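Being a predicted model, the structure only gives us computed values, none of them experimental.
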There are 2 protein chains.
Amino acid sequence: MLSGTAEYALRAVVWLARQPDDQSVRASDLAESIGVPRNYLGKILHDLVRAGILESARGKNGGFRLATPPEELTLLRVVSSFDTIGVGAERRCLMGRPECDSSDPCPVHRRWQNASEAISRFFEETTVGDVLSDDRREGRSQADCRW
Amino acid sequence: MLSGTAEYALRAVVWLARQPDDQSVRASDLAESIGVPRNYLGKILHDLVRAGILESARGKNGGFRLATPPEELTLLRVVSSFDTIGVGAERRCLMGRPECDSSDPCPVHRRWQNASEAISRFFEETTVGDVLSDDRREGRSQADCRW
DNA sequence: CGATAACTTCATGTTAATATCTTATTATAC
DNA sequence: GTATAATAAGATATTAACATGAAGTTATCG
């Protein structure tokens, strides 16, 4: 469903969101924590900074942290820096037809619509804040996390 | 959502299902009809034969046609020859966690479940026969089809 | 100010998906 | 049975995703 890169980004953002007091985390530590290659994660984190999702600080005590309140950060915004999910008007046809909407549908259009809309809603409506709430409700802490 | 290859397979199967009297279609003609590179389609068709979804005949008047009644052929069976959709027990974690189920969920597990199940149901429950019914209901014929 | 710790950037390598080309192989028709 | 039309199969090319490595730049601390 998601590319490896988008998966990594999601892990990183969730991990940073769980950080108490918005503490910055160094790329190396983060890479080890979420099980992503150090150098590759560097690029991903930088992309997230350029997208305005994270902010970074150089030098001693530097690192990365969220630039946005978790409640306002949708999963769509996180993953769409890397993948084209295709929500709303940008929805891609399952069969790869260049034009495909209700007025000129591909053969599976009607039956795919339910699933397609469920996917869109998930990415558009779920925020990183929601994920943190779920965490708390299930009594999960950062220490429990493993990949 | 699907790989290019699985998309091509889906187009090919739907096209063949629409063929009157189970008539065979040559790979070259099929390739042109559905807009897929000739040689690449050859491989895909062969894979579908080995999966028992199509049958092929060589020599003059040869070609490919469905080996299964459309009503019994699910979209899952078609695409899973190429992609891992991850339905049922094989569902992949959205965040790439090796273990992720309701007893040990990843951070987004609960909220992703709805969409994930909608996807599974679509591929498991939709048959090629259903697609043909939709076609008829919408008064679409093979001639209308373009990619 | 100098050393160090960290992000930033660029160059390069690896792998899998996609696509093409060429040579078999096989069934049909005459 | 031979020619022909078609699939089957294997080798090779192209591209994008994934990953690594090394050098460059910037902020902080003593």
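- One N or O on the side chain of B/Asp130 and one on the backbone of B/Thr127 form a donor-acceptor pair closer than 3.5 Å.
- Counting to the nearest Å, the C1' atom of C/dC10 and the NE2 atom of A/His46 are 12 Å from each other.
- Residues passing the side-chain hydrogen bond (donor to acceptor under 3.5 Å, both in side chains) test with B/Ser102, sequence neighbours excluded: none.
- For the side-chain contact (heavy atoms from CB on, under 4.5 Å) test with B/Pro107, the passing option among A/Asp134, A/Val14, A/Val128 is A/Val14; the others fail.
- In this structure A/Arg136 satisfies the side-chain hydrogen bond (donor to acceptor under 3.5 Å, both in side chains) test with no other residue, sequence neighbours excluded.
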Exercise. Could you write nucleotides 17-23 of chain C as a row of B, S and -, 5' to 3', where a protein heavy atom under 4.0 Å of any base atom gives B, of only sugar-phosphate atoms gives S, and otherwise -?
Worked result: -BBBB--

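- Listed for the A/Asp83 side chain is a donor-acceptor partner under 3.5 Å among the backbone atoms of A/Ser3.
- Residues from residues 52-59 of chain B placing a heavy atom under 4.0 Å of any atom in DNA chain D, listed by number, are B/Ser56, B/Ala57, B/Arg58, B/Gly59.
- Using a 4.0 Å heavy-atom distance criterion, B/Gly63 is classed as a sugar-phosphate-only contact.
- The backbone N or O of A/Trp112 lies less than 3.5 Å from no partner atom in the side chain of A/Ser116, so there is not a single donor-acceptor pair.
- Running 5' to 3' along DNA chain D, contacts with non-hydrogen atoms of chain A at under 4.0 Å begin and end at D/dC18 to D/dC29.
- The neighbour count for B/Glu90 CD, taken as heavy atoms of other residues, nucleotides or ligands under 6.0 Å away, does not exceed 12.
- The side chain to side chain donor-acceptor pair (under 3.5 Å) pairs that include a residue from residues 42-51 of chain B are B/Asp47-B/Arg50, where partners are two or more places apart or lie in different chains.
- Taking atom CG of residue B/Asp83 and atom P of nucleotide C/dA16, one finds them 16 Å apart after rounding to whole Å.
- Here C/dA16 presents its P atom at 19 Å from CZ of B/Phe82, a figure rounded to the nearest Å.
- In this structure, CD1 in A/Ile119 is found 3.5 Å from CD1 in B/Ile119, a value given to the nearest 0.5 Å.
- Hydrophobic clustering (side-chain heavy atoms under 4.5 Å, transitive across Ile, Leu, Val, Met, Phe, Trp, Tyr) keeps A/Phe123 apart from A/Leu132.
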